[in-house]
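Note that the structure is a prediction, hence the values are computed from the model and not measured. Within every chain, numbering begins at 1; the chains are lettered A, B, ... in the order of the sequence lines, protein sequences first and strands thereafter.
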Amino acid sequence: MYATPHILTSCLIIVLIILVFPLLTTLSPHQRNSDWPLSQVKTSVKIAFFTSMVPLCLFLDEGAEVIVTSWTWMNTLTFDVNISFKFDMYSIIFTPVALYVTWSILEFTSWYMHTDPLVNRFFKYLLTFLIAMIILVTANNLFQLFIGWEGVGIMSFLLISWWYGRADANTAALQAVIYNRVGDIGLIFAMAWMAMNLNSWEMQQVFLTSEDLDLTFPLIGLIIAATGKSAQFGLHPWLPAAMEGPTPVSALLHSSTMVVAGIFLLIRMSPLMEKNPLALTICLCLGALTTVFTATCALTQNDIKKIVAFSTSSQLGLMMVAIGLNQPQLAFLHICTHAFFKAMLFLCSGSIIHHLWDQQDIRMMGGARFLCPTTTTCLGIGSLALTGTPFLAGFFSKDAILEALSNSHLNAWALILTLIATMFTAVYSLRLIIFVALGNPRTPRSIFQMNEVDPAITNPIKRLAWGSILAGLLITSNIIPLKTPEMTMPDEVKTAALMVTLLGFLLALDLGNLTGHQLKSTTQRPVHLFSNLLGFFPPIMHRLSPKLSLSFGQMVASQMTDQTWLEKTGPKAVTSINMSLVTTTSNAQQGLIKTYLALFLVTITLATLLISL
Amino acid sequence: MRTSQSVRQRQPVNMAVVGFRRWAKALSKGKGSGISALLSGCRAASGGSKDVIPGPYPKTPEERAAAAKKYNMRVEDYEPYPDNGEGYGDYPKLPDRSQHERDPWYKWDHPDLRRNWGEPMHWDFDMYIRNRVDTSPTIVPWPKMCKYLFGYIGFMLLMFYLGEKFPSYQPVAPKQYPYNNLYLERGGDPEKQPEEVTNYEI
């Protein structure tokens, strides 16, 4: 009997069971011991990771993919909603990547959050998030995907507002949930359209039955969903605001896993998008705009976490560009490689922040290479991988996307913007390294606090560093591309990404030299303010539309309803309508004979005219 | 802005307690039995008495003074909403300033709301909490911000439009067909001599 499908299915279901088990133990009333996070949660994620390597090896060896429909949930005569899992290339590769990154982050969290009184709950939330993410990734129907989608959104809300005593954290969590909700409108619309026109939410049936239909509306709905979840331009402010949450949350949710859910949705739905040039163009242009806008904002930020957050948003824009080029596999490759180096960048930032007593301003950092060399080295590796340095992880995905861009027939402005964003990536990455690692310490506390004694700090970072170096090579060597890449191109096109990155480094060094001589402490130049204040998008949008909608709502609820029903259409309206009639009639009936005779004459004249007509 | 003396003297009545005590009294002395005993003794334990809840628009100076006192404000600070039928009554019209603008370091009675007990509440207080609309002055004036943002978006949209009109692609040669560019297959006249087409150069 052919055992591969059974092994594949069993391993992946076991992965889910291993992850759910620690959550079930929290339902018991018994007090958990103090090492529950490490002994149960981290261990379960580690075991789940090694278990998920078995299906990965089977897939790499045999190309085996499987779809499991395990339970008929809500079935009518014509519409089925089942629990069905799709273990294809995307979910088989993404699951071990997510588990590996989560394992490292949980180990780091055991040090970072060890003084928190509710650390058990924190680990529980992270685990719940991970389960929701795996449900999203392995879903074979849109309903199950939606469960995972909402699950990651809610856990994001709970984790961003972890320190809920802080009003800024609450505001950031509200921003995240409201912006995600706007995106959910698009997803729900797309699901409704598919339920009505395609009669199913199962992906296979959707792909088969949609071949001759015009899919513009549902695709725009899916793009709106991706815009909300993956922080594309227009629905992007929640991602930098989400840095209010603890650093492990930023590392896991807001760089590696949750924010890529929108891109993952579009990758899953790529068979629908292939034949719709409008949807592809929208993705391309939106991605290009996002990548350059957020890279511009990252140039002038002084909070280390905000720089990395904008970098994440810029890379998400690049993934959207890859979708717009009709290259979903390249977008997926970038998701996988980006997860490693971005999580590592966040962990390095968290380590440095924690050592400096929660100092997040890079202008107050410096000289970290003397005090924590491992962290600084990994920060450098992560930055190099981010900029696409040859043969690190980011190179394989980023360079492939830029080559595909340069060789395609596409919007020229999208190409130019993406290259500019690539240059800016190098600029802000180098700025980060210069301010944090190079130079001398600018705060006295750093000298006494920074150390790398605890292996819970360095082991996860080193593990992710190995991923940042090898992941790109391993994935591209073992996965056959679905679309033939362009093999021949001029040297200038081939090296365009590298040249642009080098230009960015030189520009950053030059700007660094200039600012070393500046005479004013802060500049008031409009371009700098535009970049530093995030393009003025948050002040305008977060003041204007809430004020209009809340004032309107208050006016409708407290005044308009009563005014309408009492004064405009109800008793007072009856009074005001009748008042003019009453006034005229009572003015006429004052007891004056002249008035009566005049009325009598008018009546006689009218009657005569009527009779004669 | 500390709580004024006048408010300390006048403690609001806890209507829940009043209602509960009357209910208990009615139960013990109620004329009926069972439910009727419960119902006869109850009164609404919500809302305040007439001198605490908002009232009609104050027309005379005495009414204005009484309204100012009710809302714990000085008479010179008190300004009601205009009486144009919108139903505000004597509720004070406070400046449209959000809680973000208040001193974050002062020891407020409610630090998260940045408000002291007894302070008059803005009509749109729920809109001006720290999680919602912020009215604090911006570094850059509002018109300039709008000009920059919408100018940027407009510029990008224009450039994307031009990018669609003039796309980028690698140089390619036009398609070349044999038989004089497929003259007969394209419906050319078989009697006529077609124009010679050569797709090569020697």
Applying a strict 4.5 Å limit to non-hydrogen atoms, the region of B:Asp134 in contact with chain A is both

The interface call for A:Phe293 against chain B, heavy-atom contacts under 4.5 Å, is both

Highest number of heavy-atom pairs under 4.5 Å with chain A among B:Met159, B:Glu86, B:Arg130, B:Arg132 belongs to B:Met159

The interface call for A:Leu410 against chain B, heavy-atom contacts under 4.5 Å, is both

Residues of residues 552-563 of chain A with a heavy atom under 4.5 Å from any heavy atom of chain B, in residue-number order, are A:Gln554, A:Ser558, A:Gln559, A:Gln563

Exercise. Within the distance-only criterion (no hydrogens, no angle test), does the side chain of B:Gln170 pair as donor or acceptor with the backbone N or O of A:Ser406 below 3.5 angstrom?
Worked result: yes

The interface call for A:Leu174 against chain B, heavy-atom contacts under 4.5 Å, is side chain

Whatever's closer than 4.5 Å to a heavy atom in chain B on A:Ser551 counts as both

Whether A:Trp413 and B:Phe155 hold their rings parallel, tilted or perpendicular, with breakpoints at 30° and 60°
perpendicular

Whatever's closer than 4.5 Å to a heavy atom in chain B on A:Phe537 counts as both

Most contact-rich option vs chain A, by heavy-atom pairs under 4.5 angstrom, among B:Tyr161, B:Tyr169, B:Phe160, is B:Phe160

Interface check, chain A: of B:Tyr88, B:Phe166, B:Trp123, B:Trp142, most non-hydrogen pairs under 4.5 Å belong to B:Trp142

Applying a strict 4.5 Å limit to non-hydrogen atoms, the region of A:Leu533 in contact with chain B is side chain

So, the part of A:Glu486 with a heavy atom under 4.5 Å from chain B: the answer is neither

